[in-house]
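All remarks here apply to the structure that follows.
These numbers come from the heavy atoms of this one structure, side chains and all, not from hydrogens, waters or symmetry mates.
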Amino acid sequence: MAPPDRARERPEREDRLNTPGRDRSRLPRLRVDGDTFGAFAEAFARFMGTARFLMYMTVFIVLWIIWNIVAPPSLRFDEYPFIFLTLMLSLQASYAAPLILLAQNRQEARDRISVEEDRRVAAQSRADMDFLAREIASVRMNVGELATRDFIRNELRNELREALAPESEDRPDKRKA
């Protein structure tokens, strides 16, 4: 008799603690295109890193402080410790930091891809240079074995002398005379 299947003995429940990937949220999921949001984060980080942004923020904070010190008490909305200003700056920083990190991560990914491509191109260039170096060495070795113009001239002269020399040796009567 076959052992009983344990999966049939215990029905699986979706809300078990040991079930990975369970979804407990009842809210609809917000779908955001990663590239679009990443491009926004890069534009935001690029703007926050400019002197223009620093000047705007400086002017805004100075005007805020001056308004809340000089304006009539009925028009002031943030008294001396400037708690509301601090809250706004904290909120801005809490959103700016993750956006800047996201922009840096995207730049790092682009840099990694660029470095990998540079390595691939460098490896291919190295292989091409090694091949050409071997070919040049082979040509040099073969050039050493080629006959030069002077060598061919000397060989032709020697052959011509040898060809002419037997004629004079074949006529013994002309030499003796």
Nearest 0.5 Å, what's the CG-CD distance between D128 and E135? 12.0 Å

Test side-chain contact (heavy atoms from CB on, under 4.5 Å) applied to I65 and V62, N68, I61, the passing residue: I61

If you measure from the Lys or Arg side-chain nitrogens to the Asp or Glu carboxylate oxygens, is any gap between D111 and R106 under 4.0 Å? no

Of all heavy-atom pairs linking I100 and A45, the shortest is CG1-CB, 3.9 Å

Would you call Q104 and L101 a side-chain contact if the rule is heavy atoms closer than 4.5 Å? yes

When the ring planes of W64 and F60 are compared, do they come out parallel, tilted or perpendicular, using 30° and 60° as the limits? tilted

Pairwise distance CG(N105) to CD(E42) - rounded to 0.5 angstrom: 10.5 Å

Do I83 and I66 share a hydrophobic cluster, counting only Ile, Leu, Val, Met, Phe, Trp and Tyr and linking them when any side-chain heavy atoms are less than 4.5 Å apart? no

Between E108 and R112, is there a salt bridge with N-O shorter than 4.0 Å? yes

Hey, what do you get for OG1 (T58) to CE (M55), rounding to the nearest 0.5 Å? 6.0 Å

E117 vs R120, salt bridge (Lys or Arg N to Asp or Glu O under 4.0 Å): CA-CA, chis, key distance, verdict: CA-CA 5 Å; E117 180 66 16; R120 187 192 65 75; 2.6 Å; yes

Report yes if some heavy atom in the side chain of M57 is under 4.5 Å from a heavy atom in the side chain of R52; otherwise report no. no

Tell me if a side-chain donor or acceptor on S138 pairs with a main-chain N or O of R134 at a distance below 3.5 Å. no

Counting heavy atoms not belonging to F77, are there more than 12 under 6.0 Å from its CZ? yes

Set of ring pair (Phe, Tyr, Trp, His ring centres under 6.0 Å) partners for Y56, sequence neighbours left out: none

Return yes when atom CE of M141 has more than 12 non-hydrogen atoms of other residues, nucleotides or ligands closer than 6.0 Å, and no otherwise. no

With L89 as partner, the option from L91, L85, L87 fulfilling side-chain contact (heavy atoms from CB on, under 4.5 Å) is L85

Can a salt bridge be assigned to the pair D130 and R126 using a cut-off of 4.0 Å between side-chain N and carboxylate O? yes

Is any side-chain heavy atom of Y80 less than 4.5 Å from a side-chain heavy atom of I69? no

In this structure, would F40 and V32 fall into the same cluster of hydrophobic residues linked by side-chain contacts under 4.5 Å? yes

Please identify each residue that fulfils ring pair (Phe, Tyr, Trp, His ring centres under 6.0 Å) with F53, with sequence neighbours left out. F47

Tightest non-hydrogen contact, residues R76 and A71, listed as NE-O, 2.7 Å

Looking at side-chain heavy atoms only, is the closest gap between R110 and Q107 below 4.5 Å? yes

If you look at every heavy atom in D78 and F84, which pair is closest and at what distance? OD1-N, 3.2 Å

Consider only side-chain heavy atoms of I, L, V, M, F, W and Y, link residues closer than 4.5 Å, and tell whether L164 and L156 are in one cluster. no

Is there a side-chain contact between L54 and T50 (heavy atoms, below 4.5 Å)? no

Would you say the side chain of N154 lies within less than 4.5 Å of the side chain of R157, judging by non-hydrogen atoms? yes

Nearest heavy-atom pair of L102 and A41: which atoms, and what distance? CD2-CB, 3.6 Å

